[in-house]
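Given the structure is predicted, the values throughout are model-derived calculations rather than measurements. Index from 1, following the sequence. Whatever order the structure lists them in is the order used to number ligands and atoms, beginning at 1.
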Amino acid sequence: MKERMRVLGIESSCDETAAAVVEDGKRLLSNVINSQIDIHAEYGGVVPEVAARSHLEVVNPVINKALADANCGWKDIDAIAVTYAPGLIGSLLVGSLAARTLAVIHQKPLYKIHHVEAHVYANFITEQAQGINLTLPSSAPDFPMLALIVSGGHSQLVYFRAHGDYDLIGQTQDDAVGEAFDKVAKIIGLPYPGGPSIAKAAALGDPEAYQLPIAKLSGRYDFSFSGLKTAVLRTVQREVGKDFNFPSHELPGLVNDKLRHNIAASFQYTAIKTLVDKTLRAYDDLSPASVIIAGGVAANLELRRQLSEALPTPINYAPIQLCTDNAAMIATLACYRIPLDQAANPRDFEVQPSLSMLSLSQQGAN
Ligand code: KG4
Ligand code: ZN
């Protein structure tokens, strides 16, 4: 990494339009996030068309604010980094077109960043400019590093030997864990996004009220959450005196507070235990020097509690504001990819809505 490198990161893969400036892969100079949560909450989930239109409205002001907050003009920016995969196609297009245009106009090198890999790099931010008041870790994680990446679209265990050198060792066979939180929240009548609302309701319930299943899978480090979600549905149907044909969208009206809290607590306990069991197994097998959690579900305090209890070593996690989608993680990862990757051609640049980290590591593109 060259001395004092500043990267502008741009993120728009789902329902957050974000821009940030990061220096030397560790120092956060600005972090602007425009969340669309209020817009999508009305529909109970992200509406892709609405998301793309909303990104379009705010992308330029968000970028300008990130530069202004960082006290940077274009001359102070060494490179632009943008999420190109995975995500919603319309959403990815807005951020990447903005980045491509700015790269051409201001003659800056442009780097393509994988969103899921970037979540991990929130853990490398250890310093911040005055005025940003996040609770940051005091040092970056060591390699080899075991990463549990858990978000609304992904649940995977990745073993990193070094920057850009990793294997995807386990993943969900069906729903992502964040998606399971979102679906269970709907069943019991809690607002979108389900993760934070389940966590809040769970604090008032009994995690042992219902015994819910943990899927047994042949993949040593794989997960599954769809059986757990169905078990929740059946339990709620039974508890309100209905059979399995009863439509799930009519259930929230029949669920009382006690049932809601107990289901939230039992589901959260089991979903998190599923993640923790596999992470512990990978830790025992691979003896990594550090364990990190990343992605929106890494904001979950029960995950932090169970994992800290299970593992003999401290776990690394970023502040909640950097666990959910943000552009600081995009800019941070770029600082480590720049020495490894060629800059992208801003005139010939494709987004890849369903490119997994697995194909990225197999391409040897790292
Ligand atoms: O990483 P993220 O912001 O977006 C994706 O890349 O998917 O993750 C969003 C997901 C949502 O499913 C949300 O319900 C979940 O993270 N989430 C949580 C918590 N905060 C956000 N899940 C559990 N507990 C939380 N506190
Ligand atoms: Zn994400």
Side-chain angles (χ1 to χ4, degrees), residues 9-18 20 31 33-37 40-41 44-46 48 51 82-88 91-92 95 113-123 147-156 158 171-172 175-188 190-203 207 223 225 228-229 264-265 267-276 292-307 317-330 332-333 353-357:
I10 300 172
E11 154 65 36
S12 71
S13 64
C14 188
D15 59 345
E16 263 92 27
T17 322
N31 185 35
I33 304 172
N34 183 80
S35 174
Q36 304 174 5
I37 282 180
H40 298 294
V46 178
V82 66
T83 306
Y84 78 109
L88 302 170
S91 293
L92 288 167
I113 296 296
H114 191 278
H115 177 92
V116 182
E117 185 182 0
H119 267 300
V120 171
Y121 281 76
N123 290 276
L148 173 67
I149 312 173
V150 275
S151 72
H154 304 273
S155 303
Q156 48 201 45
V158 182
Q171 60 188 325
T172 183
D175 294 349
V177 62
E179 195 180 344
F181 270 84
D182 295 337
K183 286 179 177 169
V184 166
K186 259 191 178 174
I187 294 172
I188 55 177
L190 289 169
Y192 173 85
S197 38
I198 292 226
K200 214 165 134 198
F223 316 107
F225 295 99
L228 172 59
K229 177 200 63 195
F267 162 76
Q268 175 176 260
Y269 175 81
T270 310
I272 297 300
K273 184 156 186 346
T274 309
L275 297 171
V276 170
I292 68 114
I293 54 174
V297 183
N300 187 279
L301 300 179
E302 175 68 8
L303 173 61
R304 295 176 178 191
R305 187 191 69 76
Q306 281 194 31
L307 209 50
Y317 47 79
I320 285 175
Q321 298 89 331
L322 299 179
C323 286
T324 48
D325 287 351
N326 64 84
M329 66 189 196
I330 306 297
T332 305
L333 171 55
S354 41
L355 183 78
S356 85
M357 259 180 97

Quick check on contacts: which atoms of ligand 1 are under 4.0 angstrom from a heavy atom of [X]?
{"X": "His115", "answer": "6 (O)"}
{"X": "Gly153", "answer": "7 (O)"}
{"X": "His119", "answer": "1 (O), 6 (O)"}
{"X": "Gly178", "answer": "12 (O)"}
{"X": "Thr324", "answer": "3 (O)"}

Val177 vs Thr172, side chain to side chain contact (heavy atoms under 4.5 Å, CB included): CA-CA, chis, key distance, verdict: CA-CA 8 Å; Val177 62; Thr172 183; over 6 Å; no

Among protein heavy atoms, which sits nearest to [atom], and what does the distance come to when rounded to 0.1 Å?
{"atom": "atom 3 (O) of ligand 1", "value": "Asp325 N, 3.0 Å"}
{"atom": "atom 15 (C) of ligand 1", "value": "Val297 CG2, 4.0 Å"}
{"atom": "atom 24 (N) of ligand 1", "value": "Asn300 ND2, 3.0 Å"}
{"atom": "atom 17 (N) of ligand 1", "value": "Gly296 O, 3.6 Å"}
{"atom": "atom 25 (C) of ligand 1", "value": "Gly195 C, 3.7 Å"}
{"atom": "atom 10 (C) of ligand 1", "value": "Gly152 N, 3.4 Å"}

Side chain Ser35, main chain Ile37, donor-acceptor under 3.5 Å: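 Yes; judged by distance alone, with no hydrogens or angles, the pair exists.
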
Any donor-acceptor N/O pair, Thr332 side chain to Ala122 backbone, under 3.5 Å: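 Side chain of Thr332 to backbone of Ala122, a donor-acceptor pair under 3.5 Å: no, none is there.
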
Ligand 1 contact by His154, heavy-atom criterion under 4.0 angstrom: no

Glu302 touching ligand 1 at heavy-atom level, < 4.0 angstrom: no

Is there a side-chain contact between [X] and [Y] in this structure, where contact means two heavy atoms from C-beta onward sitting under 4.5 Å apart?
{"X": "His114", "Y": "Pro86", "result": "yes"}
{"X": "Glu16", "Y": "Gln36", "result": "no"}
{"X": "Leu355", "Y": "Tyr84", "result": "yes"}
{"X": "Val46", "Y": "Cys14", "result": "yes"}
{"X": "Lys273", "Y": "Thr270", "result": "no"}
{"X": "Asp182", "Y": "Pro193", "result": "yes"}
{"X": "Val158", "Y": "Val120", "result": "no"}

Test ring pair (Phe, Tyr, Trp, His ring centres under 6.0 Å) applied to Phe267 - qualifying residues, sequence neighbours left out: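 Checked Phe267 against ring pair (Phe, Tyr, Trp, His ring centres under 6.0 Å); matches are Phe181.
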
Closest heavy-atom pair and its distance - Ser91, Ser12: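 So the minimum-distance heavy-atom pair works out to O-OG, 2.6 Å.
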
Working for side chain to side chain contact (heavy atoms under 4.5 Å, CB included), residues Phe223 and Gln171: CA-CA 6 Å; Phe223 316 107; Gln171 60 188 325; 5.7 Å; no

Nearby protein N/O/S atoms (those under 2.8 Å) for the Zn ion (ligand 2), with water ignored: His115 NE2, His119 NE2, Asp325 OD1

Proximity of Asp182 to ligand 1 by residue part, where a heavy atom lies under 4.0 Å: side chain

